[in-house]
A.B. asks: 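I'd like to ask you about the structure that follows.
Any value given below was found using the heavy atoms of this structure, including those in side chains, with hydrogens, waters and symmetry copies removed. Throughout, residue positions are numbered sequentially from 1 according to the sequence presented. Keep in mind it's a predicted model, so treat the numbers as computed, not measured.
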Amino acid sequence: MVNNMTSIIRSTQGGCWGSDRLRLRLYGGVFDPAVMPLIDRVESLQGVIRNVKRIEAMGQTGRYNYVDVTKFPKAGTSKLSTDEMPEAPTAPSTYNEQMLANYVPVYVMLPLGVISNDNVFEDQPKMEKQLKELRAAGVDGVMVDVWWGIVESKGPKQYDWSAYRSLFALVQECGLKLQAIMSFHRCGGNVGDEVTIPLPQWVLDIGETDPDIFYTNRKGNRNKEYLTIGVDNQPLFDGRTAVQLYSDYMKSFREHMSDFIEAGLIIDIEVGLGPAGELRYPSYTGTQGWVFPGIGEFQCYDKYLEAEFKEAATGAGHPEWGLPDNAGEYNDTPGSTEFFGLNGTYMAEKGKFFLTWYSNKLINHGDEILDEANRAFLGCKVRLAAKVAGIHWWYKSPSHAAELTSGYYNLKDRDGYRPIARMLSRHYAIFNFTCLEMRDSEQRADAKCGPQELVQQVLSGGWREEVEVAGENALSRYDSNGYNQMLLNARPNGISREGLPKQIMYGVTYLRLSDELLKDKNFKIFKTFVKKMHADQVSKHLHTYIDNTLEGIKFVFFFFSQDCCADLGMYNHQIGPLERSKPKLVMEDLLEATKRMEPFPWGEETDMKVDDFDGVLANLIRKLFSLFK
């Protein structure tokens, strides 16, 4: 046993304990040096320290403050409290107003099944613990799917928001912001879908008698993931159209969540516009046999879309034109089809007409539903958002086949994404894009992937159309390489020390919260990623822990956790009342936006890197071993 020992107590558990080191000097205490190296949490000091008379705490300032614990009365229980507190060490403010212009907020997507199919918020204690860990890591907020198939499952206009209200209240209590997704699609069948949440049963029942309400491929296979845009304005759902279904749902959400909106908890409403919540056709789905990197299939063979195309072709003077019959199947390559091959149909007048119609139908679908969303949330202090998929495979092939089947008419000489950005600008909506974490070198060479070039094109188009651009990773990553690629895309030309960078993303959402993310090593790297997204502008929050279980003496511990910047206005994200959408765009406006332009310049790597020594060492070892194979 020794006296007057100095120890470093460090939490690696996250939550309210934070991650920054705090040196404690404890005087008049008795320690067991064999146990001290094992101490990881303040609680574990119980039974190790006895008769402590004074504690000195050294925080980030490097200065010591002390507490004379003998002045506190005896008590019998342990608690987290601010009662009878001595003056605590001051956490230094590290905000720099100019550097804050580089701040990119970070949100984390909650698990898909956080609300069960039975509309129950299960395992609240676990979620509370995880949310507090995110909060202590400096995360700005969370994103959550608000499933149509759960809320309106009992019947038309029978909405039950109770479970989501409980979840939102917990998010609010944990001091996080919230991005809510109006999820009008089925969960299940896409990459990463761990649960199955179907469309409302009463909608599926209508599909039993009229299966053409679902997207359909050339063979007649139905996809029940999302209603076909062919029924957007068809009154097939107890007298309501599909657009009216979505509109009524959003109006009910606003009515029942108005207190959370007014309190500033809900800041974004992302409107689901297709499968996986993305503005696209369900051209690639595992439930119908697709596997990466198949080109996918066009999804416009239901009777409603087929009739619309026939009418459009006739109006253009070509009643003989029909929907494509030579575009191959889900897992074909571009070169194996007549449509996407060398000098294929996509280059002919007939193919261009079809692709223009197919992509414009998608843009009009998004435009119409976002207009309804604008009406539903008019005057609320929220931002609307829409997500576009990162179809990066076959991007470097001439026909961009996988993008075309998804509805993105994007070629070397035609921009398929800037028209979407222009449409979103009409509604003051955020353009949310995926696959931020991907690099070309990580992809299969035979699939001619180009995630880096795709991200550069899409983000540049969004900035040129003066819309806010946000993004997320497509697949879960826990390594520094993935994080550094996201950091590069968030600020393509690095930090600006003279105010707002010319190009900067509006926000980044990490996919997704899981036990794997919260493992010690993974979470340590993630916290660094958050700090770098915040341009190292980290506010330290002081926490005080009172423990009075040891022989009736009250112990006071101080520690810091990194925090986000709670004032949105400090980094140019202040949100005013949502204005009415601007006038509808004419076709000429959208066609003008298809002109391909060079993307903005991009750096080779981020200037705010996440270093992962363990990962670098592991890669080096693997390379060394490979030399001897």
A.B. asks: So if I apply the side-chain contact (heavy atoms from CB on, under 4.5 Å) rule between Leu513 and each of Met143, Glu133, Met109, Met127, which one comes out positive?
C.D. replies: Met127
A.B. asks: Provide the closest heavy-atom pair for Cys565 versus Tyr103 in the form atom of the first, atom of the second, distance.
C.D. replies: N-OH, 2.8 Å
A.B. asks: Tyr395 vs His400 aromatic rings, parallel, tilted or perpendicular, using cut-offs 30° and 60°?
C.D. replies: perpendicular
A.B. asks: Quick check: are there more than 12 heavy atoms from other residues, nucleotides or ligands sitting under 6.0 Å from CD of Glu598?
C.D. replies: no
A.B. asks: What do the steps show when you test Ile420 against Leu279 for side-chain contact (heavy atoms from CB on, under 4.5 Å), and what is the final call?
C.D. replies: CA-CA 9 Å; Ile420 297 174; Leu279 179 62; 3.9 Å; yes
A.B. asks: Side chains of Arg418 and Gln457: is there a donor and an acceptor less than 3.5 Å apart?
C.D. replies: no
A.B. asks: When the ring planes of Phe253 and Phe168 are compared, do they come out parallel, tilted or perpendicular, using 30° and 60° as the limits?
C.D. replies: perpendicular
A.B. asks: May I ask you to test the Val469-Tyr506 pair for a side-chain heavy-atom distance under 4.5 Å?
C.D. replies: no
A.B. asks: Salt bridge check: are Asp371 and Arg426 linked by an N-O gap of less than 4.0 Å?
C.D. replies: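 Looking at Arg426 together with Asp371, the answer is yes, because their closest N to O distance falls below 4.0 Å.
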A.B. asks: Is it the case that atom NZ in Lys502 sees more than 12 heavy atoms from other parts of the structure closer than 6.0 Å?
C.D. replies: no
A.B. asks: Does a side-chain heavy-atom distance below 4.5 Å link Lys132 with Cys174?
C.D. replies: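 Sidechains of Cys174 and Lys132: in contact.
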A.B. asks: Applying salt bridge (charged side-chain N to carboxylate O under 4.0 Å, His left out) to Asp607 and Arg491, what does each step give before you reach the verdict?
C.D. replies: CA-CA 9 Å; Asp607 59 349; Arg491 291 182 294 257; 5.1 Å; no
A.B. asks: Going by distance alone, is a donor N or O of one side chain under 3.5 Å from an acceptor N or O of the other, for Glu270 and Asn432?
C.D. replies: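 Result is yes, a qualifying pair exists.
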A.B. asks: Applying side chain to side chain donor-acceptor pair (under 3.5 Å), run through Gln179 and Thr509 and close with a yes or a no.
C.D. replies: CA-CA 10 Å; Gln179 298 174 316; Thr509 299; 3.2 Å; yes
A.B. asks: Under 6.0 Å from the ring centre and within 45 degrees of the ring axis: does the NZ or CZ of Arg580 meet both conditions for the six-membered ring of Tyr428?
C.D. replies: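 The answer is no; the distance or angle limit is not met.
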A.B. asks: Parallel, tilted or perpendicular for Tyr408 and Tyr417, by the 30°/60° rule?
C.D. replies: tilted
A.B. asks: Between Arg422 and Glu465, does at least one N-O distance fall below 4.0 Å, as a salt bridge requires?
C.D. replies: yes
A.B. asks: For a quick test of reading the model, state the closest non-hydrogen atom pair linking Pro601 to Asn493 and the distance between them.
C.D. replies: O-OD1, 3.2 Å
A.B. asks: What closest approach, in Å, do Met250 and Ile369 show between heavy atoms, and which atom pair accounts for it?
C.D. replies: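 So the two residues come closest at CE-O, 4.0 Å.
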A.B. asks: Any side-chain heavy-atom pair from Ile391 and Glu278 closer than 4.5 angstrom?
C.D. replies: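 No, too far: nothing below the 4.5 Å cut-off.
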A.B. asks: Determine, stepwise, if the pair Tyr226 / His365 fulfils ring pair (Phe, Tyr, Trp, His ring centres under 6.0 Å).
C.D. replies: CA-CA 13 Å; Tyr226 188 81; His365 168 72; 5.8 Å; yes
A.B. asks: Given Trp602, which partner from the list Gln503, Gln456, Glu453, Gln452 fulfils the side-chain contact (heavy atoms from CB on, under 4.5 Å) test?
C.D. replies: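 Exactly one candidate clears the test, Gln456.
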A.B. asks: Please determine if Lys519 and Asp515 form a salt bridge, counting it only when a charged side-chain N lies under 4.0 Å from a carboxylate O.
C.D. replies: no
A.B. asks: Can you tell if the side chain of Asn522 reaches within under 4.5 Å of the side chain of Glu516, non-hydrogen atoms only?
C.D. replies: yes
A.B. asks: Could you walk me through whether Tyr358 and Tyr281 pass the ring pair (Phe, Tyr, Trp, His ring centres under 6.0 Å) check?
C.D. replies: CA-CA 10 Å; Tyr358 190 69; Tyr281 294 91; 3.9 Å; yes
A.B. asks: Does the pair Lys532 and Asp536 meet the rule for a salt bridge (charged side-chain N to carboxylate O under 4.0 Å, His left out), with working shown?
C.D. replies: CA-CA 5 Å; Lys532 297 303 180 183; Asp536 282 339; 3.3 Å; yes
A.B. asks: Verify the distance criterion only: is there a donor paired with an acceptor across the side chains of Gln485 and Asn473 at less than 3.5 Å?
C.D. replies: no
A.B. asks: Taking all atoms of both residues into account, what is the closest heavy-atom pair of Gln574 and Gly569, and its distance?
C.D. replies: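 Shortest heavy-atom contact: OE1-CA, 3.4 Å.
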A.B. asks: If I compare all heavy atoms of Val108 with all of Arg512, which pair ends up nearest, and what's the gap?
C.D. replies: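 Minimum heavy-atom separation between Val108 and Arg512: CG1-C, 4.3 Å.
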A.B. asks: Show, in sequence, the C-alpha distance, side-chain angles and deciding distance for Trp357 and Tyr409, and conclude whether the side-chain contact (heavy atoms from CB on, under 4.5 Å) test is met.
C.D. replies: CA-CA 10 Å; Trp357 171 84; Tyr409 191 3; over 6 Å; no
A.B. asks: State the CG-CD1 distance between Asp520 and Ile525, to the nearest 0.5 angstrom.
C.D. replies: 11.5 Å
A.B. asks: Give me the atom names and distance for the closest heavy-atom approach of Gly462 to Ala421.
C.D. replies: CA-CB, 4.0 Å
A.B. asks: Just wondering, do Glu472 and Lys387 contact through their side chains at under 4.5 Å, heavy atoms?
C.D. replies: yes
A.B. asks: Anything under 30° is parallel, anything over 60° is perpendicular, the rest tilted; go ahead and classify Phe526 against Phe523.
C.D. replies: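 Because their plane-to-plane angle is under 30°, the rings of Phe526 and Phe523 count as parallel.
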A.B. asks: Between Lys595 and Asp415, does at least one N-O distance fall below 4.0 Å, as a salt bridge requires?
C.D. replies: no
A.B. asks: Counting heavy atoms not belonging to Lys448, are there more than 12 under 6.0 Å from its NZ?
C.D. replies: no
A.B. asks: Hey, do the aromatic rings of Tyr284 and Trp393 have their centres closer than 6.0 Å?
C.D. replies: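 Here the rings of Trp393 and Tyr284 have centres that are less than 6.0 Å from each other.
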A.B. asks: Taking the side chain as every heavy atom from C-beta outward, state whether Leu436 and Met505 have any pair of such atoms under 4.5 Å apart.
C.D. replies: yes
A.B. asks: Using 4.0 Å as the upper bound for N to carboxylate O, is an ion pair formed by Asp268 and Lys177?
C.D. replies: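 Salt bridge absent between Lys177 and Asp268.
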A.B. asks: Set out, in order, the CA-CA distance, both residues' side-chain angles and the distance that settles side-chain contact (heavy atoms from CB on, under 4.5 Å) for Arg414 and Arg596, then state yes or no.
C.D. replies: CA-CA 5 Å; Arg414 190 186 196 280; Arg596 194 72 179 261; over 6 Å; no
A.B. asks: Could you check, using the six-membered ring where one of them is a Trp, whether His534 and Phe529 have ring centers closer than 6.0 angstrom?
C.D. replies: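 No; Phe529 has its ring centre 6.0 Å or more from that of His534.
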A.B. asks: For Arg497, does the CZ atom sit with more than 12 other heavy atoms under 6.0 Å from it, leaving out its own atoms?
C.D. replies: no
